[in-house]
Amino acid sequence: MYMALSREFFDRDPPAVACELLGKVLTRHTRKGVMKGRIVETEAYLGQGDEASHTACGKTRRNASMFGPPGIAYVYTIHARFCFNVVTESAGTGSAVLIRALEPLTGIQQMRERRRRCVARDLTRGPARLCEAFGLNRDWDGWDLTLGKRLWISRGDVLRSGAWAQSSRIGISQDKELPLRFFLTDNRFISGPSRLNRP
DNA sequence: AAAACGATCTACT
DNA sequence: GTAGATCGTTTTG
């Protein structure tokens, strides 16, 4: 069967984890059955030195779980929606990877029920959209994703070399461009490329 | 207590 | 491509 990713997998620098999460499978079991989605887009947030990270200004009630051990979830609200991250590196570092888009695999009916009136392609294309489809909210903040229980991430397909690409971070003003965003090339469920900065 | 803000989405052009 | 919605969290007075 499919094994949950280990704590060691997440106990590395965020860009490495963000890159290798591509192709992995997010699974959630509910009373209605199982939902699976292939991770196709991610974004790394470094620790406290990173201006764009929620932990840049230290620990608050909202971001507390981001200072926890690697492999636990950090779920926060933004614009009346939720976003789902996985904590990376050792406890106290404050780094994480944001899951930006999934390719729906199984349990699509269940996802559609949570996301009425949306076209199939938009079901899980975007960080807040996938949270709605999977029913992820602040209740999941701090959940240990290495346990392989009701919500976890397992190995997916073996990716051929060059199946992924990286780009600069968007949506934040910085003096330097950082290669922190990753996505599977030629996947129709990524949200990024149409919105990325181009020369 | 009030105001400002944000790792976004939808609808519409 | 973008204006407007939406509301919890943090910051400010």
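Note: hydrogens, waters and symmetry copies are ignored here, and every other heavy atom, side chains too, is used. Below, read A as the first sequence line, B as the second, and so on, with proteins coming before strands; counting in each chain starts at 1.
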Under-4.0 Å side-chain N/O to phosphate OP1/OP2 contact, A:R100 with B:dT8: yes
Nucleotide C:dG8, atom C1' - distance to OH of A:Y74 in whole Å: 12 Å
Contact residues, residues 127-139 of chain A to DNA chain B [heavy atom, < 4.0 Å]: A:P127, A:A128, A:R129
Residue pairs passing the salt bridge (Lys or Arg N to Asp or Glu O under 4.0 Å) test where at least one lies in residues 146-158 of chain A, sequence neighbours excluded: A:R38-A:D157
Pair listing, salt bridge (Lys or Arg N to Asp or Glu O under 4.0 Å) test, anchored in residues 9-26 of chain A, at least two apart: A:R12-A:E20
Sequence neighbours excluded and cut-off under 3.5 Å, please list the side-chain donor-acceptor pairs for residues 69-86 of chain A, or say none.
residue : atom : partner : partner atom : Å
A:Y74   : OH   : A:H54   : ND1          : 2.8
A:R81   : NH1  : A:H79   : O            : 3.4
A:N85   : ND2  : A:Y74   : O            : 3.0

N or O in side chain of A:T60 less than 4.0 angstrom from C:dT10 OP1/OP2: yes
B:dA7 base stacked by A:Y76 (centroids within less than 5.5 Å, tilt under 30°): no
Residue-phosphate contact under 4.0 Å: A:H54 side-chain N/O, B:dA7 OP1/OP2: yes
Length of the line joining A:F82:CZ and C:dG8:P, which is rounded to integer Å: 9 Å
Set of residues satisfying side chain to side chain donor-acceptor pair (under 3.5 Å) with respect to A:Q48, sequence neighbours excluded: none
Side-chain donor or acceptor of A:E43 paired with backbone N/O of A:R100 under 3.5 Å: no
Sugar-phosphate only, base, or nothing, as touched by A:R62 at under 4.0 Å among non-hydrogen atoms: sugar-phosphate
With sequence neighbours excluded, residues passing ring pair (Phe, Tyr, Trp, His ring centres under 6.0 Å) with A:W143: A:W140
Contact under 4.0 Å: A:R115 side-chain N or O vs B:dT10 OP1/OP2: yes
Short side-chain donor-acceptor distance under 3.5 Å, A:N63 and A:T55: no
Distance in angstrom units between A:E43 CD and B:dA7 P, rounded: 10 Å
Secondary-structure string, 5' to 3', Watson-Crick or G-U under 3.5 Å, | for another-strand partners, for DNA chain C: |||||.||||||.
Pairing residues for A:T88 by the side chain to side chain donor-acceptor pair (under 3.5 Å) criterion, not counting sequence neighbours: A:S95
Sugar-phosphate, base or nothing in reach of A:D122, heavy atoms under 4.0 Å: nothing
All pairs passing ring pair (Phe, Tyr, Trp, His ring centres under 6.0 Å) where residues 5-36 of chain A contributes a residue, at least two apart: none
